[in-house]
Amino acid sequence: MISTGTIFQREINAYFLSPIAYVVIAVFMVFSGYFFSVMLGLTQESTLRYSLAYTQFILSILTPVITMRLFAEEYKTGTIEPLMTAPVTDFEVVFGKFLSAWAFYNIMIAPTAFYIIFLAWVGSPDYGAIIASYIGLILMGGLFVAIGLLVSAVTKNQIVAAVIGIVALLILLVIGLASSGNEGWFYSCLRYIGTYDHWDTFTKGLIDTRDVVYYGSFTALLIFIAVRIVESRRWR
């Protein structure tokens with residue numbers, strides 16, 4: 001795990017040495033702040049549920065921008081070669097990069113805690129629902145980062161990695177939304193695969209083990225696949 005920590009430190013430092021990191025955080029805060037103020041004005045309720053409903057859409061676009069460079073940049077610049085010949089395993093490389101992107105994701109959403117302070121000032125928010133929502137945000141972020149990581153592992157172009165990642169995440173969101181309220185096994189499968197219902201449960205203040213398993217298992221599976229892809233490139 002020492003090697004994983006080294007990879008993590010290397011990647012997290014790289015984020016904050018790049019202007020893209022600050023642009024992404026700024027864009028997220030502008031849009032999340034806008035939706036927070038609009039929904040607070042429309043509902044007149046001390047809750048984050050309605051503004052967070054739009055957060056999944058924002059994060060579906062911004063998370064692939066966070067992850068696009070993880071492997072694509074290494075492939076393009078050729079720095080993947082010395083990395084792969086260093087005394088680290090493929091899992092340590094992939095997991096270290098995953099943790100760094102997930103940490104950056106959590107740093108990005110951390111300033112939204114100021115919304116809770118504002119809600120406490122103007123009303124009496126449901127802290128249980130807010131805590132559950134943030135747990136959902138963190139778990140959802142792990143899945144989003146894992147998807148972006150996997151996409152970055154299969155392409156040398158950062159823009160292509162970002163676009164494919166955005167499309168993949170939006171598809172997961174749309175199929176969940178489109179199947180919501182419909183009956184039948186087909187729609188049930190779509191709802192389970194899609195991210196909307198799993199995320200919506202957390203915003204209601206419910207922490208369902210099925211949703212935790214969904215995020216955890218799919219995140220682990222995608223990391224495993226990314227490790228296999230990186231491993232296959234080692235022997236090319």
Side-chain angles (χ1 to χ4, degrees), residues 4 7-8 11 52-72 89-106 108-109 131-155 160-180 182 184-204 206-232:
T4 298
I7 297 295
F8 171 83
E11 295 297 325
L52 288 178
Y54 294 94
T55 301
Q56 184 177 358
F57 174 74
I58 301 170
L59 293 173
S60 297
I61 296 174
L62 293 181
T63 306
V65 178
I66 296 172
T67 60
M68 66 181 183
R69 54 165 293 277
L70 290 176
F71 280 103
T89 65
D90 298 321
F91 173 77
E92 289 171 338
V93 172
V94 172
F95 195 55
K97 286 177 175 287
F98 167 79
L99 289 179
S100 68
W102 197 17
F104 181 82
Y105 167 95
N106 290 317
M108 179 176 68
I109 66 174
I131 292 172
S133 296
Y134 275 92
I135 292 173
L137 269 181
I138 293 170
L139 292 174
M140 183 176 70
L143 176 60
F144 282 11
V145 167
I147 291 172
L149 173 75
L150 178 60
V151 172
S152 183
V154 298
T155 179
V160 172
V163 171
I164 295 176
I166 291 170
V167 171
L169 291 179
L170 289 179
I171 287 174
L172 286 178
L173 173 59
V174 169
I175 63 174
L177 279 169
S179 59
S180 185
N182 294 297
W185 66 268
F186 177 72
Y187 291 109
S188 295
C189 289
L190 288 182
R191 279 196 300 273
Y192 186 79
I193 295 172
T195 55
Y196 177 76
D197 274 13
H198 298 287
W199 159 239
D200 191 53
T201 303
F202 285 100
T203 64
K204 296 175 182 176
L206 304 174
I207 301 178
D208 194 320
T209 53
R210 290 172 295 183
D211 299 317
V212 175
V213 169
Y214 165 83
Y215 284 120
S217 59
F218 273 97
T219 300
L221 175 62
L222 292 169
I223 291 174
F224 172 79
I225 295 172
V227 171
R228 297 282 79 85
I229 290 173
V230 172
E231 187 178 65
S232 68

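The residues of the chain are indexed from 1 along the displayed sequence. In what follows, every heavy atom counts, from backbone to side chain, and hydrogens, waters and symmetry copies are set aside.
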Open item on the list: Students often mix this up, so state it plainly: with edges at 30° and 60°, are the rings of F98 and W102 parallel, tilted or perpendicular?
Closed with: tilted

Task: Contact summary for Y105 and V145, nearest pair of heavy atoms - done: CB-CG2, 4.4 Å

Task: All ring-ring contact (aromatic ring centres under 6.0 Å, His included) counterparts of Y214, not counting sequence neighbours - done: Y192, H198, F218

Task: Sub-4.5 Å side-chain heavy-atom contact between L99 and E11 - done: no

Open item on the list: Give me the atom names and distance for the closest heavy-atom approach of V151 to G165.
Closed with: CG1-N, 4.2 Å

- [ ] Using a 4.5 Å cut-off on heavy atoms from C-beta on, say whether the side chain of S152 contacts that of T67.
- [x] no

- [ ] Rounded to the nearest 0.5 Å, what's the gap from CG on N106 to CG on L137? Could you check?
- [x] 9.0 Å

- [ ] Side-chain contact test, heavy atoms from C-beta onward, threshold under 4.5 Å: evaluate it for I147 versus L172 and give yes or no.
- [x] yes

Open item on the list: Within this structure, what is the CD1-CD1 distance for the pair I135 and I207, rounded to the nearest 0.5 Å?
Closed with: 3.5 Å

Open item on the list: So, taking the atom named CD1 in I66 and the one named OG in S100, what distance separates them when rounded to the nearest 0.5 Å?
Closed with: 10.0 Å

Task: Distance, nearest 0.5 Å, that separates CG of L143 from CG of L169 - done: 7.5 Å

Open item on the list: Going by side chain to side chain contact (heavy atoms under 4.5 Å, CB included), name the residues that satisfy it together with A226, two or more places apart in sequence or in a different chain.
Closed with: V94, L149, L150

Open item on the list: Using 0.5 Å steps for rounding, measure from the CZ atom of F91 to the CZ atom of F224.
Closed with: 11.0 Å

- [ ] Just jot down the side chain to side chain contact (heavy atoms under 4.5 Å, CB included) partners of L221, sequence neighbours excluded, or say none.
- [x] I225

- [ ] Tell me, with the steps shown, if F202 and D208 meet side-chain contact (heavy atoms from CB on, under 4.5 Å).
- [x] CA-CA 8 Å; F202 285 100; D208 194 320; over 6 Å; no

Open item on the list: Working to the nearest 0.5 angstrom, can you tell me the gap between F57 CZ and L62 CG?
Closed with: 9.5 Å

Open item on the list: Please find the pair of heavy atoms, one from M140 and one from Y215, that lie closest to each other, and give the distance.
Closed with: CA-CE2, 3.6 Å

Task: Partner of V154 under side chain to side chain contact (heavy atoms under 4.5 Å, CB included), chosen from V230, I229, V160 - done: I229

Task: Smallest separation among heavy atoms of K97 and L70, with atom names - done: NZ-O, 2.7 Å

Open item on the list: For a 4.5 angstrom cut-off between non-hydrogen side-chain atoms, does M68 reach V65?
Closed with: yes

Open item on the list: side-chain contact (heavy atoms from CB on, under 4.5 Å) for V93 and F71? Distances and angles first, verdict last.
Closed with: CA-CA 10 Å; V93 172; F71 280 103; 4.0 Å; yes

